[in-house]
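Working notes for the structure below.
Values in this document were obtained by computation on a predicted structure and should not be read as measured data. Here is the naming used below: chain letters follow the sequence lines, and residue numbers restart at 1 for every chain.
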Amino acid sequence: MNDVVNVGGKLALICAVAAIALGLVNAVTAPAIDKVKEQQLSAALDAVRGTAEAGEERLVEGEPIVDGYYALVQDGTSAGYILRLTGTGYAGDMEILAAYRQDGEIKAVALMNNSETPGLGKEAEKPAYMEKYIGTGAGHPVPMNKQQLTQEEADAISGASITFMGIAQALKAGSDYVKEQLGK
Amino acid sequence: MSYVGIIITFVFVENFILTKFLGLCPFIGVSKNTESAVGMGFAVTFVTSVASLATWAIQKLILQPLGLAFLQTITFILVIAALVQLLEMVIQKISPSLYKALGIYLPLITTNCAVLGIALIAVRSNYNALESFVAGFSAGLGFLLAILLMSTIRERMNTEWVPKPLRGVPIAFITGGLMALAFMAFDKALLRNLIG
Amino acid sequence: MLFMKILWAFLSVGLLGAIFGIGLYVASRFFAVKKDERIQQVVEALPGLNCGACGFAGCESYAEAIVTAEDVALDLCKPGGADTAMKLGSIMGKEVEFSAEKLVAQVHCRGGKETAEYKFDYEGIEDCNAAMLLYGGAKKCPFGCLGLGSCIKVCPVDAIDYDEDGLVWVDRDLCISCGKCVDICPTGVMKMIPYGADVIVACNSTDKGGVVRKYCKVGCIGCAKCTRSSPDGGFVIENFLAHIDYSKKGERSAALADCPTKCIIRTVKEVKIEESAHPLEAVAAQDSHDAD
Amino acid sequence: MGNFTKGILKENPIFIIMLGLCPTLAVSTQVVNAIGMGVGVIFVLLGSNIFVSLLKNFIPEKVRIPSYIVIIASFVTMVDLFMQGYAPSLSKNLGVFVQLIVVNCIILGRAEAFAKKSNVKDAVLDALGMGVGFTLGLLLISLIREVLGSGTITLFAIGNFDGVIRLPGLSESPVRVMALAPGALLVIGYLKALFNWTEARRSKEATA
Amino acid sequence: MKRLSTFPKGGVHPPGRKHLAHSLPLQNASIPSLSIVPLSQHIGSPAECVVSVGDVVREGMLIGKPTGFVSVGIHSPVPGTVKELRRIHLPNGVQTDAVCIELAGEFDRLGKSQETVEWENMSAKELLDLFAQMGIVGMGGATFPTHVKFSPPKGSRVEFFVINGVECEPYLCADHRLMLEKIREIFEGLRVIRKILDPEQVLFAIEANKPDAIEAVMSYCRQNVLDVKVMPLHVKYPQGDEKQVLKALTGREVPSGGLPIDIGAVVSNVGTVNAIYEAVCLKKPLIERALTVSGGAVKNPANLKARIGTPVSQLLEECGGFSEMPEKIVMGGPMMGFTVLDLDTPVTKGTSGILALTGAEIRSANQTACISCGSCISVCPLGLNPRLLYKLVDHLDYGGAVEAGLMDCKECGCCGFVCPAHIPLVQGMRLGKRIHLKNRKKA
Amino acid sequence: MIELERQRITTSPQIHKPISTAAVMWAVSACLLPAAVWGVYSFGLRALVVMLVSIAAAVLTEFGLGLVSKRFTILDGSAFLTGLLVGFNVPPAIPLYIPVIASVFAIAVVKWTFGGLGSNWMNPALAGRVFVAFSWTGPMTSWTIPRNLVDAVSSATPLSAVKSGLFTYSGDAGGPMQFLSEIGYPHSAFDGKVTDFLRSVFEPLGATIEPGYGDLFFGNIPGCIGEVSAFLLLIGTVYLFARKIITWHVPVSYLVSFGGLVWIFGGSRFGSGAFSGDVVFHLFTGGLILGAFYMATDMVTSPLTRKGLLIFGVGCGFFTFLIRFFGSFPEGVSLAIIIMNIFVPLINKYTGPKRFGVTKKGEE
Ligand SMILES: Cc1cc2nc3c(=O)[nH]c(=O)nc-3n(C[C@H](O)[C@H](O)[C@H](O)COP(=O)(O)O)c2cc1C
Ligand SMILES: Cc1cc2nc3c(=O)[nH]c(=O)nc-3n(C[C@H](O)[C@H](O)[C@H](O)COP(=O)(O)O)c2cc1C
Ligand SMILES: Cc1cc2nc3c(=O)[nH]c(=O)nc-3n(C[C@H](O)[C@H](O)[C@H](O)COP(=O)(O)O)c2cc1C
Ligand SMILES: Cc1cc2nc3c(=O)[nH]c(=O)nc-3n(C[C@H](O)[C@H](O)[C@H](O)CO)c2cc1C
Ligand code: SF4
Ligand code: SF4
Ligand code: SF4
Ligand code: SF4
Ligand code: FES
């Protein structure tokens with residue numbers, strides 16, 4: 001019996017001490033971690049919201065691509081939406097934030113979390129990459145395949161057209177969502 | 001994701017050895033001959049299956065309700081270590097022949113990245129209990145596949161005159177590298193196209 | 001809030017720890033299986049070369065035999081030598097005597113492309129035993145080294161290689177005395193000598209001197225000059241071939257110098273000395289070199 | 001001192017003992033990851049070696065492994081939490097491999113092979129040596145992989161410098177596979193062969 | 001036409017080149033002035049020399065007496081004096097003492113008419129003893145003492161006795177000639193064998209490339225109303241091997257490591273049967289044999305009856321020497337035979353041919369590493385993996401090779417013949433077997 | 001007296017089949033020649049330069065490594081063949097450093113690391129190709145318009161045009177050839193004649209023939225230098241079969257299993273249900289013919305026995321189908337073959353020959 005207590009108790013003791021220590025460390029780091037998360041989100045929103053203000057996030061249920069949206073307000077009037085989208089890239093899902101005008105035209109896009117290949121799909125993280133989508137969605141269709149791009153643009157995505165098509169598909173779905181669900 | 005999807009993911013697309021780099025120490029260490037490689041593969045499969053189920057329970061029943069996510073690492077590894085040790089003792093007692101086949105590998109598995117790795121990945125992917133189990137099982141299968149193929153190739157290398165400095169571990173790594181090159185065919189996009 | 005969290009952490013992990021601790025303890029009592037710890041100790045004490053010189057399948061099986069069987073000698077590991085035998089003795093609690101000097105292998109032949117005669121050009125597997133299948137090898141001398149390197153292949157520690165003359169030579173410092181090369185050598189030209197041996201008679205031919213002269217320039221012709229030049233060197237002629245009894249510790253450099261076919265050579269490769277007028281001087285220089 | 005230096009070359013955990021391979025290969029895509037991982041491992045090694053050697057008489061034999069693992073896991077969690085809070089991008093790059101330091105074979109290996117038999121001072125030296133050896137090995141591998149596979153050398157961002165040194169030419173069209181899974185295995189395979197070769201030459205020369 | 005049977009798996013079709021000699025009748029080769037008679041010409045323990053230098057010997061006199069059961073006597077092929085005892089290396093690797101006999105004196109048999117001996121009232125045991133006395137061994141190549149082979153273990157039953165007239169080796173025609181010219185003797189020998197073994201069925205196997213021999217044997221059987229089944233076989237090397245010929249004839253497989261008797265069969269070469277006739281009916285020991293001298297480099301190929309101990313050089317000379325320089329002198333057939341180093345090498349009881357081959361016939365090329373083409377596997381009649389066996393032997397894993405079937409290898413040479421990498425596979429097999437036997441003896 | 005100049009002393013057999021490694025390798029190289037000439041004709045001298053550079057890189061690497069290990073092996077032709085096949089497997093406009101790296105990788109890493117000729121377990125040329133294809137995806141998928149399609153604007157290969165085009169396509173083309181016609185994929189003048197001929201033969205039988213098969217079969221399409229002309233590649237195999245250098249097992253099982261899968265499942269992409277895939281299109285596009293007859297048949301990296309070869313071929317067919325139809329790369333042949341290379345030792349282990357006189361029972 002003594003032995004049981006010796007063995008079990010000692011392991012329990014080590015565990016418990018460890019747990020307390022971790023609890024304390026957690027208490028120190030938890031606020032920092034939360035702050036990091038907030039900062040990341042607001043930085044991302046800043047990147048696409050332009051001069052407008054973003055409201056609270058609303059979650060969207062039952063949509064495969066659109067996960068949530070923020071209403072944009074400029075000078076007191078509604079200036080469109082920022083959508084949180086999930087696209088499928090070469091190496092799994094990609095998180096996309098895109099700002100739309102109320103008529104569904106794309107104003108700004110940013111690629112967030114993704115695991116695309118550096119040098120290929122990851123190039124889409126660069127703001128310049130998204131230029132081909134900007135201004136499409138309402139008057140012009142979102143470019144969906146290479147044939148709809150200029151030769152220069154097509155060369156730039158050579159070897160990474162899956163990423164390109166994945167983003168395009170997500171943006172188009174977002175645009176449609178704005179037009180059909182939010183625009184009214 | 002469907003169960004088939006999980007299986008394909010962990011056997012091919014995210015093969016623990018060839019794309020995720022989890023469990024390399026036993027992969028290199030125990031792949032010299034087919035027999036022990038297969039033994040190791042089955043042992044790992046067994047442990048990953050049980051461990052991912054057990055850690056799922058810990059996560060859902062203790063850590064999440066109590067808001068103790070930061071204790072994930074410590075509780076998971078504790079469970080795994082205890083599980084493996086228990087398993088070793090039980091097998092040794094109940095089936096000496098199985099112990100003879102698996103026993104020597106079991107202690108190695110405690111510190112096998114694959115086991116903790118699948119537990120953490122299953123939690124991060126928000127799998128339910130059965131999905132966690134299937135994920136653990138298929139991660140083990142992926143390991144088994146990789147180590148079996150590796151061992152047959154290494155057995156073949158035993159009868160070739162591989163340059164001296166490259167013999168043994170280096171050639172195992174390079175073989176693994178070439179296998180990984182071929183396994184790059186199995187990417188996420190393939191998985192998505194295949195199962196929608 | 002913070003306090004509650006830490007309390008929960010304390011309680012849950014502590015409890016897990018307690019459960020596993022007790023569980024493992026109980027389990028270990030239930031499922032305990034006895035094992036002899038000494039096997040592992042013996043394995044660790046052995047060099048782990050798995051060379052098989054002990055006569056067992058490998059270090060591990062020797063260890064198991066030592067611990068489980070009563071009458072297995074503790075001094076069978078040749079690579080380990082005296083040190084290992086002592087260690088095993090202390091693990092097993094037995095007295096071990098191990099006195100023999102370390103033996104190393106060496107090729108007793110210097111007949112090569114320039115010095116020896118050949119019957120034909122050998123074509124086939126690079127393996128001395130394979131060459132033996134065809135008229136006992138391509139060399140006219142049936143006792144010499146065939147030079148196809150079976151011993152090189154078999155040596156577990158790469159102690160054997162071709163030297164600068166293209167002849168097979170054992171590096172005595174790398175040799176672990178496992179005897180595998182002696183086993184595999186088809187002509188018996190690879191023999192064990194004491195590590196400290198200063199010279200060897202580098203010939204294995206028991207043919208009469210006249211016959212030897214016909215097929216090899218550096219063969220032993222059994223002229224017995226060595227026995228006269230270095231009477232305390234332990235030289236013995238047997239079947240027209242000189243042997244050295246290494247238990248005699250007398251000087252042997254005179255024999256080395258006098259051997260008419262120069263088949264007595266040093267076991268440590270000589271530093272190449274510039275062409276000197278008298279071969280004897282070269283030898284003397286070498287001797288003084290050895291001394292310091 | 002020998003306890004420190006042995007880990008760097010003679011018993012380098014990566015190239016000689018061949019342990020802790022998973023993180024070595026997984027995070028060696030960028031130099032900065034290697035440094036981060038290395039620091040994390042050194043911290044955990046230090047902590048676990050100290051505590052194991054301190055508690056060597058306290059811990060019962062039957063629960064030796066679980067106890068060591070709990071100690072190790074605690075330090076790992078600390079590293080993890082601090083990284084998440086104060087080095088978020090590094091934390092993201094390293095992914096699960098921070099948590100997987102727990103099972104990094106080096107750490108339990110050192111606890112078992114060294115710390116449990118040694119005093120605190122030796123344990124610290126051993127931990128530092130092994131940790132530094134691990135980090136150097138990791139650095140070497142990641143340097144090769146990043147230069148070949150991305151044409152860059154990624155360090156820390158300071159001020160205006162974004163932390164990335166780009167090699168002209170190579171960074172435009174790198175040998176991308178070297179940054180991917182096969183590259184990791186090939187690089188460590190050839191490095192190990194190089195080690196074997198130099199080792200063999202050294203021992204040949206030593207006896208000659 | 002009915003499809004001729006053959007063994008199903010493996011085998012090769014080397015260029016036959018039998019036309020060089022198959023229509024040439026057997027001739028007596030000239031008697032050598034110096035006969036070199038090795039004491040070990042058979043499998044088993046060598047004979048013990050019973051003469052010494054200077055002794056005068058008569059034709060057919062015993063000069064080496066059998067030592068043990070698996071051994072046979074050696075006889076002087078010529079009358080003469082013993083000049084010396086010499087240590088010689090036979091091409092097949094055997095080192096043995098040989099008795100050198102200088103021709104002198106008078107022949108007891110040569111040129112004299114032979115009377116036939118009554119043997120019907122001899123018992124099987126007496127006949128077998130006679131075989132050993134007369135030095136009868138298998139003439140199909142293995143030179144295994146026939147009296148041993150004909151003493152099947154108790155309880156086994158001889159269902160088939162097979163006369164092996166396959167002669168599948170290229171170039172060789174000696175058996176072919178025997179079947180044409182000595183048919184009566186062969187069937188007389190068969191009567192002796194029937195008395196010893198009492199087989200249920202006698203099969204006569206001949207490959208289809210010897211239609212005249214098939215015809216001759218068939219018509220002889222028909223005329224004499226003999227209960228012998230003549231079986232023409234589809235041509236494929238190595239059909240003459242007893243395992244393959246039995247598979248082709250009966251469909252049964254001699255088990256690995258087993259003997260023909262395990263499936264109720266005994267196989268003998270036609271030459272052996274002829275030798276049995278001569279030994280039993282003419283009381284003539286085995287002192288000469290039929291062989292073929294052929295090859296692209298031989299001026300006048302021939303089928304000869306040569307005395308044991310005749311040097312190779314003399315036979316080549318008798319055939320007119322070389323029309324061009326040969327690359328190899330081969331003793332035996334080209335698939336299993338051995339190259340000759342010394343032209344003094346004598347004919348032995350197992351010598352079925354002497355070939356002088358040109359480079360164009362040999363077709364050698366540089367050896368490279370194995371390219372895993374699998375040809376060797378598909379031609380090995382014994383279902384072995386020669387490539388694997390060779391590699392294991394090359395890596396000194398003799399145990400592994402034996403486990404993979406090394407000891408089954410008949411050294412038929414099919415694998416070496418087809419290997420595009422020109423790897424000396426057969427040498428590897430022989431090396432492996434030799435080392436394995438050495439290791440086993442030691443253990 | 002008989003005199004001899006020099007006797008050769010060897011073990012049996014004393015004669016040999018007239019075949020050697022070098023003869024095999026050079027014969028395969030020679031059989032590839034027509035396709036190489038076509039590549040140069042179709043894509044210009046640049047294609048010749050690419051092939052010469054890859055061959056030179058491969059042979060020099062072989063020579064260098066041969067020096068290190070004291071073996072002189074370049075005359076056995078295997079390095080030449082590997083280099084040639086690397087050149088065959090890259091686009092004509094490739095920057096030259098890429099085929100050089102592919103060849104060096106093939107010879108140094110895939111072949112000599114394991115001990116040189118015969119010791120490698122993965123197809124060197126294909127591994128080299130895949131290595132560079134994954135590293136320089138862009139240049140490895142940038143095609144040159146062939147000579148006979150001068151007026152074409154797009155330079156996509158038929159396979160990649162179909163694959164990327166289908167991504168957003170919602171019509172009902174009925175099959176890949178119709179789809180290509182719909183998006184205006186160009187045809188050569190020669191193809192018109194072939195189509196007319198085919199129509200005259202098959203239309204009376206009730207079949208409709210799309211234009212373009214002639215270009216596919218004879219090689220008027222963009223693609224890798226050596227892979228485009230299925231016709232000339234097949235011509236070369238006649239000799240290989242006649243000399244028994246390759247056997248039917250791998251190509252047939254490969255093509256049949258792949259064709260079968262295409263036939264069964266290939267139509268669903270076009271909404272035409274099972275058993276309607278366009279087998280002909282898939283057989284003659286991409287590197288399938290080159291792969292099935294010249295690369296999957298590499299003896300070193302394929303199984304040893306007939307049974308093994310059949311399994312290997314079926315595996316190649318399966319993976320080619322999987323990657324072509326579901327993977328992210330338009331082409332699947334090279335990856336499929338090197339994936340199956342991994343399985344070869346396993347296949348060999350379980351498809352050894354049946355030993356004579358050994359029964360299952362006796363074996364234990
Ligand atoms: C190592 C590797 C990484 C890849 N990464 C990406 C990627 O990040 N994004 C992508 O769209 N495709 C990626 N691909 C997929 C291929 O490049 C794919 O064939 C290509 O996108 C289609 O060809 P195209 O863009 O020339 O039409 C990758 C392929 C490989 C081999
Ligand atoms: C050691 C040994 C023992 C043999 N014992 C017998 C035997 O008992 N009965 C028998 O019929 N043949 C026996 N043989 C003969 C073989 O069956 C076979 O005829 C001989 O090896 C020659 O066959 P080959 O010319 O096909 O190689 C024996 C052969 C050897 C080598
Ligand atoms: C590869 C091979 C080929 C053989 N070819 C023949 C042959 O053509 N004719 C023959 O009589 N024996 C041949 N033999 C020998 C037979 O196996 C068998 O030993 C012989 O027929 C037995 O008769 P014997 O003991 O009278 O020689 C061959 C053996 C081997 C291994
Ligand atoms: C029929 C045949 C096909 C071959 N195919 C290839 C090939 O696809 N790739 C290659 O590198 N070598 C090939 N070779 C050459 C050679 O076998 C190859 O370089 C070896 O794999 C090198 O060990 C081939 C050889 C033959 C005989
Ligand atoms: S010593 Fe013996 S084994 Fe070594 S090369 Fe000489 S003959 Fe061969
Ligand atoms: S030289 Fe001979 S005895 Fe010495 S280690 Fe090598 S094989 Fe063993
Ligand atoms: S020599 Fe041996 S291995 Fe080769 S084919 Fe003949 S029986 Fe088979
Ligand atoms: S025939 Fe020669 S090259 Fe072909 S597999 Fe056999 S050993 Fe290798
Ligand atoms: S570090 Fe050893 S298994 Fe991952």
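Using a 4.5 Å cut-off between heavy atoms, Met335(E) contacts chain F through both its backbone and its side chain. Ala365(E) touches chain F through its side chain: at least one heavy atom from C-beta onward sits under 4.5 Å away, while N, CA, C and O do not. With a 4.5 angstrom heavy-atom cutoff, Asp408(E) touches chain F only via side-chain atoms. For Phe338(E), the part sitting under 4.5 Å from any heavy atom of chain F is the backbone (N, CA, C, O) and nothing else. For chain F, no part of Pro91(E) is nearby; none of its heavy atoms comes within less than 4.5 Å. Within the 4.5 angstrom heavy-atom criterion, only backbone atoms of Glu403(E) (N, CA, C, O) approach chain F. The parts of Cys373(E) that come within reach of chain F are both its backbone and its side chain, each placing non-hydrogen atoms under 4.5 angstrom from that chain. Heavy atoms closer than 4.5 Å to chain F are found in both the backbone and the side chain of Pro334(E). In this structure, no portion of Val312(E) lies under 4.5 Å from any heavy atom of chain F. Contact of Leu341(E) with chain F is made through backbone and side chain together, with heavy-atom distances under 4.5 Å. Looking at Val418(E), the atoms closer than 4.5 Å to chain F (heavy atoms on both sides) sit in the backbone and in the side chain alike.
Under the 4.5 Å side-chain criterion, counting only non-hydrogen atoms from C-beta, Leu315(E) is in contact with Thr310(E). Residues Pro238(E) and Pro381(E) are in side-chain contact: their nearest non-hydrogen atoms beyond the backbone lie under 4.5 Å apart. Between Ile263(E) and Pro255(E), the closest side-chain pair of non-hydrogen atoms falls below 4.5 Å. Contact annotation: the side chain of Leu32(F) approaches that of Leu290(F) to within less than 4.5 Å [non-hydrogen atoms, C-beta and beyond]. Side-chain contact between Phe241(F) and Ile246(F) is present, with at least one heavy-atom pair separated by less than 4.5 Å. Between Leu382(E) and Arg355(F), every side-chain heavy-atom pair lies at or beyond the 4.5 Å cut-off.
With rounding to the nearest 0.5 angstrom, the OG atom of Ser253(F) is 15.0 Å from the CZ atom of Phe318(F).
Residue pairs satisfying the ring-ring contact (aromatic ring centres under 6.0 Å, His included) criterion with at least one member in residues 65-86 of chain F, sequence neighbours excluded, are listed as follows: Trp26(F)-Phe80(F).
Among Cys415(E), Ala404(E), Cys414(E), the residue making the largest number of heavy-atom pairs under 4.5 Å with chain F is Ala404(E). The candidate with the highest count of non-hydrogen atom pairs below 4.5 Å against chain F, out of Glu411(E), Gln314(E), Arg387(E), is Arg387(E). When the candidates Asn366(E), Val254(E), Ile329(E) are compared by the number of heavy-atom contacts under 4.5 Å with chain F, Val254(E) comes out ahead. Counting heavy-atom pairs closer than 4.5 Å to chain F, the top residue among Glu253(E), Lys247(E), Gln427(E), Arg252(E) is Glu253(E).
Inspection of non-hydrogen atoms places Thr10(F), Thr11(F), Ser12(F), Pro13(F), Gln14(F), Ile15(F), His16(F), Lys17(F), Pro18(F), Ile19(F), Ser20(F) of residues 10-20 of chain F under 4.5 Å from chain E. Residue-level contacts of residues 352-360 of chain E with chain F, in order of numbering, are Leu357(E); threshold 4.5 Å between heavy atoms. Within residues 102-123 of chain F, the residues having any heavy atom closer than 4.5 Å to a heavy atom of chain E are Leu117(F), Gly118(F), listed by residue number.
Taking the centre and axis of the six-membered ring of Phe356(F), the NZ or CZ atom of Lys9(E) falls outside the cone set by 45° and 6.0 Å.
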